[in-house]
Amino acid sequence: MSDETDGQKTDFIGSKPRPMSAGEMNEFLQKPWIAKIACLTPDGSPYIAASWYHWDGVAFWVVPRARSEWAHYLARDPRVHLLIDDPSPPLSKVICEGTAVVVEAAVGPYLDNGGMSIWNKIGTYHTGPRYLGERVNEYRGPKNVEPCWTIKIVPRKLTTVRYGFQWASRYKHPELIPDDEGRAEVTPVYYG
């Protein structure tokens, strides 16, 4: 099995971790992955939620339901981390350290002026079709009456990685790797 790295074929087992190009990241983020959203509760404890997301090329958009605890946590403390990953080898991930901006707070699908809420537009044109395909209306029809939040997550830092099965050098301990005679500088200690 081979993987393509910067236009060159490499052995999948031997491929090393590398960052994604901007194009690769944008393509990766258009797939129907689930975002894992880390925020803080009022007492400072970590909280993780899973959500559909929309990447517009600059920021992430998430749409929690009106009673979602994590929407209230992000409104109180906008510090947020997002992890979007493909758990199947070769593993890939995007990590976003960002700031949550509440754009709409628990509004219905239609505003007082009759226009669609932003979250309703995101669901209609982006997340609904991407995650549900042809079955989008089976889900959105009955659910499209409940109020939701629209939260924009503005990245401060984006980290991307495409993995093979090699570890990045910063994780390795060369002194533990046996030489040609099978001797290592240090004998590993195993606890069990």
Side-chain angles (χ1 to χ4, degrees), residues 17-22 24-111 115-132 136 139-140 142-163 168 170-171:
R18 65 174 181 83
M20 293 181 200
S21 68
E24 288 173 320
M25 181 187 76
N26 285 323
E27 182 180 336
F28 176 78
L29 292 173
Q30 296 311 309
K31 295 185 180 177
W33 310 118
I34 300 298
K36 290 83 170 178
I37 301 166
C39 54
L40 297 171
T41 65
D43 72 1
S45 300
Y47 186 92
I48 298 177
S51 178
W52 292 357
Y53 68 91
H54 169 57
W55 168 250
D56 67 8
V58 176
F60 293 93
W61 295 80
V62 292
V63 178
R65 293 176 181 95
R67 294 182 178 167
S68 296
E69 292 174 305
W70 59 278
H72 296 270
Y73 298 156
L74 287 173
R76 184 188 156 280
D77 184 339
R79 294 177 292 171
V80 62
H81 274 75
L82 221 78
L83 168 66
I84 299 167
D85 66 331
D86 174 2
S88 302
L91 308 175
S92 297
K93 67 182 175 183
V94 173
I95 301 169
C96 169
E97 178 182 336
T99 302
V101 178
V102 175
V103 178
E104 294 173 328
V107 299
Y110 294 93
L111 305 174
M116 290 174 76
S117 62
I118 295 170
W119 71 258
N120 193 10
K121 290 178 186 177
I122 291 169
T124 299
Y125 304 116
H126 302 289
T127 56
R130 189 172 82 223
Y131 286 95
L132 299 172
V136 64
Y139 174 79
R140 286 193 44 81
K143 302 286 188 264
N144 210 27
V145 296
E146 294 289 338
C148 293
W149 297 68
T150 303
I151 298 178
K152 179 180 184 178
I153 298 175
V154 180
R156 284 192 309 275
K157 179 181 177 186
L158 284 171
T159 305
T160 65
V161 182
R162 285 212 188 263
Y163 289 100
R170 68 186 171 123
Y171 297 120

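Minimum heavy-atom separation, Ala35 to Tyr53: CB-CD2, 3.8 Å. Scanning all heavy atoms of the two residues, the minimum distance from Tyr73 to Pro42 falls at CE2-CD, 3.4 Å.
Annotation for Arg67: atom CZ does not count as buried by contact number, only 12 or fewer foreign heavy atoms lying within 6.0 Å. For CZ of Arg79, the number of neighbouring non-hydrogen atoms (other residues, nucleotides, ligands) closer than 6.0 Å is 12 at most. By the 6.0 Å contact criterion, OH on Tyr125 is open, its count of non-hydrogen atoms from other residues, nucleotides or ligands being 12 or less. Heavy atoms of other residues, nucleotides or ligands lying less than 6.0 angstrom from CD1 of Ile34 number more than 12.
Between Lys152 and Asp56, no side-chain nitrogen of the basic residue sits less than 4.0 Å from a carboxylate oxygen of the acidic one, so the salt-bridge criterion is not met.
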Please assess Met25 against Leu158 for the test side chain to side chain contact (heavy atoms under 4.5 Å, CB included), listing each intermediate value before the final yes or no.
CA-CA 10 Å; Met25 181 187 76; Leu158 284 171; 4.0 Å; yes
Stepwise side chain to side chain contact (heavy atoms under 4.5 Å, CB included) check, Ile153 with Cys96
CA-CA 9 Å; Ile153 298 175; Cys96 169; 4.1 Å; yes
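Here the side chain of His72 pairs a donor or acceptor atom with the backbone of Ala66 at under 3.5 angstrom. Not one N or O on the side chain of Ser45 forms a donor-acceptor pair closer than 3.5 Å with the backbone of Thr41.
Looking only at atom types and distance, the side chain of Asp86 has no donor-acceptor partner in the side chain of Trp33 under 3.5 Å away.
Rounded to the nearest 0.5 Å, atoms CZ (Phe60) and CG (Leu29) are 5.0 Å apart. Atoms CH2 and SG, on Trp119 and Cys148 in that order, are 4.0 Å from each other to the nearest 0.5 Å. To the nearest 0.5 Å, atom CD1 of residue Ile118 and atom CD of residue Glu104 are 4.5 Å apart.
Residues Pro147 and Val107 form no side-chain contact, since every pair of their non-hydrogen atoms from C-beta on lies 4.5 Å or further apart.
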